[in-house]
Amino acid sequence: MTSPLRLGIAGLGTVGSGVVRIVQTHADLLAARAGRPVTISAVSARTRDKDRGVPLDAYEWEDDAVALARRDDVDVLVELMGGSDGPAKAATEAALAAGKDVVTANKALLAIHGQALAEAAEAQGRVIRFEAAVAGGIPVIKALTEGLAGNAMTRVMGVMNGTCNYILTRMENAGLTYAEAFAEADGLGYLEADPELDVGGIDAGHKLALLAAIAFGTQVDFGAVELEGIGAITIDDIVQAADMGYKIKLLGVAQMTGRGLEQRMSPCLVPDTSPLGQLQGGTNMVVLEGDAVGQIVLRGAGAGSGPTASAVMGDVIDLARGVRMPTFGQPATSLRKARAARAAVPAPYYLRMQLVDKPGALAKVARVLGEAGISIDRMRQYGHQDTSAPVLIVTHKTTRGALDEALAAFAATGVVEGAPVAIRIEAV
Ligand code: NAP
Ligand code: HSE
């Protein structure tokens, strides 16, 4: 048998311990599939004596992930520490400089530094693989870079943060408020150490930026992703959306338009009968659209020790087999800088506002919309709450620019209480 592929694993938390477990329990299967053994030479984490549920005595220990990355007995750095900078970036750069490939689950690192790291890898004749960074166990990077490589991609979209989908579906199914569903997710350990990464759409935005780069052959540009989290969604929105045949999802959409690359991660209404509308709990779904294939839908666990380690090992086996894909599916120097287009594709919107109970109030709202060039498709007023009533409006297709103009003008009407909620209705 040929020489083993020797791993250095930096990070032994949820994902790292899952990777160690697969290497230990599936040694024969991995060797048979890869054509050579896959072994672990050394590991690193912050605390040496923690019980991680897997035996680590057979491996060398490094306190410093950079030292691990530089070891002569490590062929591949498996970076599972997390964070866009700090030790994850330093160890990745050290591994590439030392002529080693890198496998990582770190979407934050690649969403921010992906282009520079991909160029550094190529300058060294090395590769960075990151299947686990997007939608956990779903092999979406492989689908885009291999199975769909013959397509010009037209749109990629998906629900890529399981925590947000869990919160929204608990509000929907159990009638919980946002705060109650958030607390439940927290109790189950779903939230990131900084919950804003989840509920603010940042984690999912990182994933969307990575998918967009591969799909459209562009330099990864997380700064151009329009981000809006789920914190403003109320149980009223969920109920009223359901009443009209929709579900609310934190949906990422990337699409190349005549004005540039549009990347959005925001709450959207999707038809309740669509695959995205039916997605429950912490599960992820990615929808890929290509000019030849049409639409394909991938669904599965977006997080967790086993699913994420599964994706890491898919990349490791590719490297053991000698399959060496450029980081973003084509040489980094050939990736174009995309012009960012803000919400270029028009769509219908759902609006919820609290309207004071005065003669002519609805007429004033309708006038503002008309002056912004927005046509009303449907309108509903619910029962009065003291001196005001909730009003729902579904518009015909309009641009985000026109909608923002109307939203700004509502304040001056004197009949709209507080800030209206505006949610895009996505054609999926
Ligand atoms: P985690 O459970 O918090 O584990 C992080 C590990 O990194 C721990 O073992 C920690 O050491 C180690 N570490 C942190 N800072 C370090 C440092 N300065 N030097 C050395 N080691 C350090 O995180 P995780 O959930 O496994 O996530 C790892 C990566 O996978 C992240 O990039 C995350 O975004 C990504 N990811 C996670 C999931 C998931 O389901 N968890 C899914 C997809 C992607 P100690 O244990 O000693 O503290
Ligand atoms: N916080 C992420 C989620 C973990 O909820 O999907 C996986 O990236």
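One-based numbering, in listed order, for ligands and for the atoms of each.
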For this session: Give the numbers and elements of all ligand 1 atoms closer than 4.0 Å to a heavy atom of T47.
Result: 47 (O)
For this session: May I ask you to list the atoms of ligand 1 that are less than 4.0 angstrom from any heavy atom of L80?
Result: 5 (C), 6 (C), 7 (O), 28 (C)
Exercise. Under 4.0 Å from ligand 1, counting heavy atoms only, is it the side chain of P307, its backbone, both or neither?
Worked result: neither
For this session: Check ligand 1 against L12 and write out every atom of the ligand that is under 4.0 Å from a heavy-atom position of the residue.
Result: 6 (C), 8 (C), 9 (O)
Exercise. Has ligand 2 got any nitrogen or oxygen that is less than 3.5 angstrom from a nitrogen or oxygen of Y190?
Worked result: no
For this session: Take E184 and R170 through the test salt bridge (charged side-chain N to carboxylate O under 4.0 Å, His left out) and record every step on the way to the result.
Result: CA-CA 9 Å; E184 195 175 271; R170 287 294 290 157; 2.5 Å; yes
Seminar exercise, completed: Closest to atom 12 (C) of ligand 1 among protein heavy atoms sits G11 CA, 3.9 Å
For this session: Keeping the roles fixed (side chain from E131, backbone from V312), state whether a donor-acceptor pair exists under 3.5 Å.
Result: no
For this session: Using a strict cut-off of 4.0 Å, indicate which atoms of ligand 2 neighbour a heavy atom of D198.
Result: 1 (N), 2 (C), 3 (C), 5 (O)
Problem set entry | For A132, atoms of ligand 1 separated by under 4.0 Å from a heavy atom | 43 (C), 44 (C)
Exercise. Without hydrogens or angle criteria, can the side chains of Q280 and N173 be said to hold a donor-acceptor pair below 3.5 Å?
Worked result: yes
Exercise. K107 and D203: salt bridge (charged side-chain N to carboxylate O under 4.0 Å, His left out), yes or no, with the steps?
Worked result: CA-CA 8 Å; K107 54 260 176 180; D203 165 82; 3.3 Å; yes
Exercise. Which of the numbered atoms in ligand 2 are below 4.0 angstrom from a heavy atom of G302?
Worked result: 7 (C)
Exercise. So does K142 pair up with D315, basic N to acidic O under 4.0 Å?
Worked result: no
Exercise. Ligand 1 versus P87, non-hydrogen atoms closer than 4.0 Å: side chain, backbone, both, neither?
Worked result: side chain
Problem set entry | Close-contact set for ligand 1 against A303 heavy atoms, below 4.0 Å | 40 (O)
Exercise. Taking all non-hydrogen atoms of both residues, which atom of G252 and which atom of M265 are closest, and how far apart?
Worked result: CA-CE, 3.2 Å
For this session: Looking only at distances, please establish whether an N/O atom of ligand 1 is found under 3.5 Å from an N/O atom of D63.
Result: no
Problem set entry | contact_flag G136 ligand 1 heavy-atom lt 4.0 Å | no
Seminar exercise, completed: So for T308 against ligand 1, with non-hydrogen atoms under 4.0 Å, the contacting part is side chain
Problem set entry | Protein heavy-atom partner closest to atom 5 (O) of ligand 2 - residue, atom, separation in Å | T163 OG1, 2.6 Å
Exercise. Out of curiosity, I248 CD1 to N165 CG, how far, rounded to the nearest 0.5 Å?
Worked result: 12.0 Å
Exercise. Quick one: are V76 and V102 in side-chain contact, heavy atoms under 4.5 Å?
Worked result: no
For this session: Examine ligand 2 and decide if any of its atoms is less than 4.0 Å from a heavy atom belonging to G136.
Result: no
Exercise. Checking R321 side chain against R33 main chain: does a donor-acceptor pair fall under 3.5 Å?
Worked result: yes
Exercise. Nearest to atom 6 (O) of ligand 2, what protein heavy atom do you find, and at what distance?
Worked result: G162 N, 2.8 Å
Problem set entry | Point-to-point distance, once rounded to the nearest 0.5 Å, from CG of L403 to OG1 of T395 | 7.0 Å
For this session: Write out the residue and atom name of the closest protein heavy atom to atom 4 (C) of ligand 2, then the distance separating them to 0.1 Å.
Result: E192 OE2, 3.7 Å
Exercise. What residue and heavy atom of the protein are closest to atom 35 (C) of ligand 1, and at what distance?
Worked result: A105 O, 3.3 Å
Exercise. Under 6.0 Å between the ring centres of Y350 and Y246?
Worked result: no
For this session: Have a look at ligand 2 and work out which part of L191, if any, has a heavy atom under 4.0 Å from it: side chain, backbone, both or neither.
Result: neither
Problem set entry | Ring centres under 6.0 angstrom apart (F328, F130) | yes
Exercise. Short question: side chain of D291, backbone of N151 - any donor-acceptor pair under 3.5 Å?
Worked result: no
Exercise. Quick one: nearest non-hydrogen protein atom to atom 32 (O) of ligand 1, plus distance?
Worked result: G82 CA, 3.2 Å
For this session: Considering only protein heavy atoms, determine whether one is less than 4.0 Å from atom 23 (O) of ligand 1.
Result: no
For this session: Select the closest option to atom 38 (C) of ligand 1 among D203, L197, V15, judged by heavy-atom distance.
Result: V15
Seminar exercise, completed: Per-atom filter on ligand 1: closer than 4.0 angstrom to a heavy atom of K50 are 45 (P), 46 (O), 47 (O), 48 (O)
Exercise. Is the backbone N or O of G82 less than 3.5 Å from a side-chain atom of E79, with the two atoms forming a donor-acceptor pair by type?
Worked result: yes
For this session: Check each of K107, R52, M81 against atom 5 (C) of ligand 1 and report the one with the nearest heavy atom.
Result: M81
Problem set entry | Taking atom 40 (O) of ligand 1 as the reference point, the nearest protein heavy atom with its distance | G304 N, 2.7 Å
Problem set entry | Validation row: L211, M157 side chains within 4.5 angstrom (heavy atoms) | no
Exercise. With no hydrogens and no angle check, do the side chains of E262 and T257 hold a donor and an acceptor under 3.5 Å apart?
Worked result: no
For this session: Compute the minimum heavy-atom distance from E79 to ligand 1 and say whether it is under 4.0 Å.
Result: no
For this session: Output the list of atoms in ligand 2 that are nearer than 4.0 Å to some heavy atom of N161, sorted by atom number.
Result: 1 (N), 2 (C), 3 (C), 5 (O), 6 (O)
For this session: Indicate the ring-plane relationship of H206 and F222, choosing parallel, tilted or perpendicular according to the 30° and 60° boundaries.
Result: tilted
Exercise. Are side-chain heavy atoms of L261 and F216 found at a separation under 4.5 Å?
Worked result: yes
For this session: Look at atom 3 (O) of ligand 1 and say whether a protein heavy atom is found at less than 4.0 angstrom from it.
Result: no
Exercise. Would you say A133 touches ligand 1, if touching means a heavy atom closer than 4.0 Å?
Worked result: no
Exercise. Which atoms of ligand 2 sit under 4.0 Å from any heavy atom of A303?
Worked result: 4 (C), 7 (C)
Seminar exercise, completed: Of all protein heavy atoms, the one nearest atom 11 (O) of ligand 1 is R46 N, 3.2 Å
Problem set entry | Taking atom 8 (O) of ligand 2 as the reference point, the nearest protein heavy atom with its distance | K107 NZ, 2.6 Å
Exercise. Looking at R155, K247, K249, which hits salt bridge (charged side-chain N to carboxylate O under 4.0 Å, His left out) with E426?
Worked result: R155
